[in-house]
Each structure stands twice: as structure tokens, then as C-alpha cells.
Amino acid sequence: MKRFLLSVATGLVLASSPAWSADKLLNASYDVGRELFAQVNKAFVAGHPGVTVDQSHAGTSAQARAIAEGLGADVVTFNQVTDIDFLVKKGLVSADWQKDFPDNASPFYSLPSFLVRAGNPKRIKDWNDLVRDDVQVIFPNPKTSGNARYTYLAATAYAKEAFKGDDAKVKEFVTKLFNNVPIFDTGGRAATTTFVQREIGDVLITFESETRGIRKEYGNDKFEQVTPTVSLLAEFPVAIVDKVADEHGSRDLAKTYLDFLYTPEGQTIAAENGLRARNAEVAAKYKADFPDVRLLTVEDVFGGWDKVQKEHFAAGGLLDQTYGSR
């Protein structure tokens, strides 16, 4: 309920916002980042009196399209490189955006993880359990959600290893996974609502940060986190929307805001919200909170995001072939 109310409150803030100025930012972010950026913004504004930071949250592919259609976001804090590259192609973000901030402009990272109900009644331990006939899986629509695209890629990466690169078996595995999803919500937070509040499904696949947040909010006695043996590195890229920031006169503030995410304070807020920090000292402090997991990368498994976009996410690509007309 808290998360639903926060979503409504965010919408009301945006609807009543004053005219743009150099002291005001709009951050367009991913769907399950509401709590994180509520805390980030509070801390940032405390150190920058007179500044206002508003939020917009949705699946990042939907956010990118909204910005291309006129949403006046000064910065984006996404969970998928391809959605920022989409804005590059639209002339809204500079082509070398990943050089503007450290770690390829990704201040923290996560991975697709599982959340099951108390006692783990279906004994779900790894990706292969998700294609069983007796398991219902919840995650959002990979056509609209960067969160779900990571799930799709992580499952594909697991299958590539399990079936030694047999493309037919990999495709069959991913198709079975999709067939076990009774509802495809448009974003990660809606999928969380489906699993937690509507009590549909046996397992929720979402970012590790979201699984930790759900357990913290609803109680460890209601849900259990399951970390698979292998998952996919999920980076959270950030960028200044150059065209918008220049129009608003907010470029300097936009850079200062995104720089804040790399500070020890910003990194600590991220870690406390279940994200894995880049800062070595902060990461060491919170190491016990994060299970060890073997992380694969998009570059190593799929040849990079450009190749993923062409082979998997383009019209008629491998995602369309497995997802079908659901």
C-alpha cells in the first residue's frame, strides 16, 4: 500500500509542478525506483537549498518513448542501456553519454533475483525450476520493461549454458518460461503488486533490490529471497537529457545531481535500498547483505547491447519469436 500511495503522490507532484527553471529537475526513472529516489532526492535537496527534484516512474522503454514525445525530463536514471541509446538516436542525448560519468555512467548495479512465498512451497532454487508445469512465474512485459528484459536475457544466458548453446533448446526453454506467466504487467512495480497484493504466482522475478525491499516492507515471515546460481549483471545507466537540460538551463544542476549518486552518501542510500554499490568502502560495509552469485554480462554472453538490440529486441527478433502475441 505504501508503494501504491507513493506512486500516486509522484503523479500529483508532476501534475502541479511550476514552470521549469535552472533550479528544478525532472528525473525520469525506472518503475521500481520510487523509494530509492525519494530518499536520494531528499538528501540531495537538503544539501542544495532552493532546488526541486520531481520524479516520473514507469518501465524505462515506455519512459524513453515518452521523452521522445515531449516529456521534459532533464535526467534519466534507467535500468537499460538500450533505452538511453534510443534517446541518442532521437537526438536528445549525446552519443558519448557513457563517458560523462564513472563506470560507464552506471553508479550501482543489481541482478534478476527470485522472491517466493514463506517456506518456498514449490522448492524453487534455480532457473530450471521456473519452467516446471506446476510453477506460475510473475514478471512484467519485456516489451515495455527494462526489468523484464533483464529477466529474459538472464534466463536465456542460463539456458545457453545449460544446453551448451543449442539454440532450439534455448528457445524452447524461454518459451516455456513465458508460458508460465499468467499476467504480463507493463512494469516491475505492477508485477510486484500482482504477486504480493493480488497473491498471484509462485515466484516473482525482479531486481534483487526489489526483492529486498518487499521483504523489508511486508516482513521476512511472508516472503523469502532466492538467489539463483547464475544471473545477469544489471547496470543502472544514467544520463543528462542534453536537449531538455539545455532548453531548461538546468545542465549544471543535472550533472551535480547525477554526480551525487556516486558520492559516499548516494552510494549508501543505494546500498540501503538493496542495490550493489560501486564505491569500494560502501560495498565492503554492506557485503554481508548481498549473497554471492556468479554474474554473467551482456557483453560476454550476447556480444554487447548493440547486438542484443538487433538480434533480440528489434521487430521480429528472438524476443518476438518467443514472446509471440501474448
Side-chain angles (χ1 to χ4, degrees), residues 2-3 6 27 29-48 51 53 55 57 75-81 98 100-116 146-147 150 154 188-189 192 204-239 255-298:
K2 292 179 185 176
R3 294 174 176 226
L6 182 56
N27 173 16
S29 193
Y30 58 97
D31 196 37
V32 298
R34 291 171 173 83
E35 292 76 24
L36 168 68
F37 284 102
Q39 295 173 39
V40 165
N41 295 347
K42 182 179 179 180
F44 180 76
V45 169
H48 298 79
V51 166
V53 182
Q55 286 296 131
H57 292 280
V75 298
V76 292
T77 54
F78 280 177
N79 56 27
Q80 189 173 243
V81 168
Q98 285 185 301
D100 290 341
F101 299 95
D103 299 306
N104 289 324
S106 174
F108 34 73
Y109 65 100
S110 191
L111 55 117
S113 186
F114 307 159
L115 190 75
V116 298
N147 184 330
Y150 273 113
R189 185 47 53 84
T192 292
L204 171 70
I205 313 177
T206 186
F207 292 127
E208 178 184 56
S209 53
E210 178 78 344
T211 65
R212 289 168 55 84
I214 294 167
R215 293 186 70 200
K216 182 177 179 180
E217 180 172 345
Y218 291 93
N220 292 338
D221 59 328
K222 298 207 172 40
F223 301 100
E224 297 179 16
Q225 181 182 343
V226 175
T227 302
T229 58
V230 62
S231 194
L232 194 75
L233 172 68
E235 296 185 297
F236 288 71
V238 302
K255 185 177 187 311
T256 301
Y257 177 75
L258 294 182
D259 281 338
F260 177 75
L261 300 177
Y262 289 89
T263 65
E265 184 178 8
Q267 291 280 285
T268 296
I269 294 171
E272 289 177 346
N273 280 271
L275 289 154
R276 300 192 180 213
R278 300 286 194 184
N279 180 285
E281 292 183 2
V282 175
K285 179 180 177 181
Y286 289 90
K287 187 177 187 304
D289 293 342
F290 297 94
D292 290 334
V293 58
R294 183 165 62 91
L295 286 179
L296 305 175
T297 69
V298 167

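Note that the numbering runs from 1 along the sequence shown for the chain.
Contact record, Asn79 with Gly146: OD1-CA, 3.4 Å, taken as the closest heavy-atom pair. In terms of heavy atoms, Pro291 sits closest to Glu208 at CD-OE2, 3.6 Å. Listed here is the closest heavy atom pair of Asn147 and Ile205: OD1-O, 4.4 Å. Residue Thr297 comes nearest to Leu232 through the heavy atom pair C-CD1, 3.9 Å, listed as atom of the first residue, atom of the second, then distance. Residue Glu265 comes nearest to Ala43 through the heavy atom pair OE2-CB, 3.4 Å, listed as atom of the first residue, atom of the second, then distance.
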For Thr268 and Tyr286: C-alpha separation, side-chain torsions, deciding distance, then whether side chain to side chain contact (heavy atoms under 4.5 Å, CB included) applies.
CA-CA 9 Å; Thr268 296; Tyr286 289 90; 3.4 Å; yes

Start with the C-alpha gap between Val230 and Leu296, add the side-chain angles, then the distance that decides, and say whether side chain to side chain contact (heavy atoms under 4.5 Å, CB included) holds.
CA-CA 7 Å; Val230 62; Leu296 305 175; 3.6 Å; yes

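Looking at heavy atoms from C-beta onward, Ser29 lies in side-chain contact with Gln55 at the 4.5 angstrom threshold. In this structure the side chain of Val75 never reaches within 4.5 angstrom of the side chain of Val238, judged on heavy atoms. Within the 4.5 Å cutoff, no side-chain heavy atoms of Asn104 are placed close to those of Val81. Leu111 has its side chain within reach of Arg276: a pair of non-hydrogen atoms, C-beta onward, lies under 4.5 Å apart. Inter-residue side-chain proximity for Thr206 and Leu115 is flagged as unmet; no heavy-atom pair is nearer than 4.5 Å. Side-chain contact check for Gln225 versus Ser113: some heavy-atom pair is nearer than 4.5 Å. Inter-residue side-chain proximity for Asp289 and Arg212 is flagged as met; some heavy-atom pair is nearer than 4.5 Å. In this structure, the side chains of Phe44 and Thr256 come closer than 4.5 Å at one or more pairs of heavy atoms.
To the nearest 0.5 Å, atoms CD (Glu210) and CD (Glu217) are separated by 9.0 Å. Of the inter-residue distances, the one linking Lys42 atom NZ with Ile269 atom CD1 reads 10.0 Å to the nearest 0.5 angstrom. From Leu36, atom CG reaches atom CG of Asn41 across 8.5 Å, with rounding to the nearest 0.5 Å. Remark: Glu235 CD to Tyr150 OH distance equals 6.0 Å, nearest 0.5 Å.
A ring pair (Phe, Tyr, Trp, His ring centres under 6.0 Å) with Phe207 is found for exactly one of Phe108, Tyr109, Phe236, namely Phe236.
Using modelled atom types, one finds a donor on one side chain and an acceptor on the other under 3.5 Å when comparing Arg278 with Ser106. Side-chain contact of Asn273 with Gln39: a donor-acceptor pair under 3.5 Å is present, judged by distance alone. Checked by atom type, the side-chain pair Asn27/Tyr257 shows a donor-acceptor distance below 3.5 Å.
The aromatic rings of Tyr30 and Phe37 lie perpendicular to each other, with more than 60° between the two planes, well past the 30° mark. Classification of the Tyr218-Phe223 ring pair by plane angle, with boundaries at 30° and 60°, yields perpendicular. Ring geometry, Tyr262 versus Phe101: the interplanar angle falls under 30°, so the pair is classed parallel (tilted spans 30 to 60°).
Checked by atom type and distance alone, the side chain of Thr211 never pairs as donor or acceptor with a backbone atom of Phe114 at under 3.5 Å. With Ser231 contributing its side chain and Pro112 its backbone, the two residues share a donor-acceptor pair below 3.5 Å. Judged by distance alone, the side chain of Asp31 and the main-chain N or O of Arg189 form a donor-acceptor pair under 3.5 Å. With hydrogens and angles ignored, the 3.5 Å screen pairs a side-chain donor or acceptor of Thr192 with a backbone N or O of Gly188.
Under the rule for a side-chain hydrogen bond (donor to acceptor under 3.5 Å, both in side chains), Asp292 has no partner lying at least two apart in sequence or in another chain.
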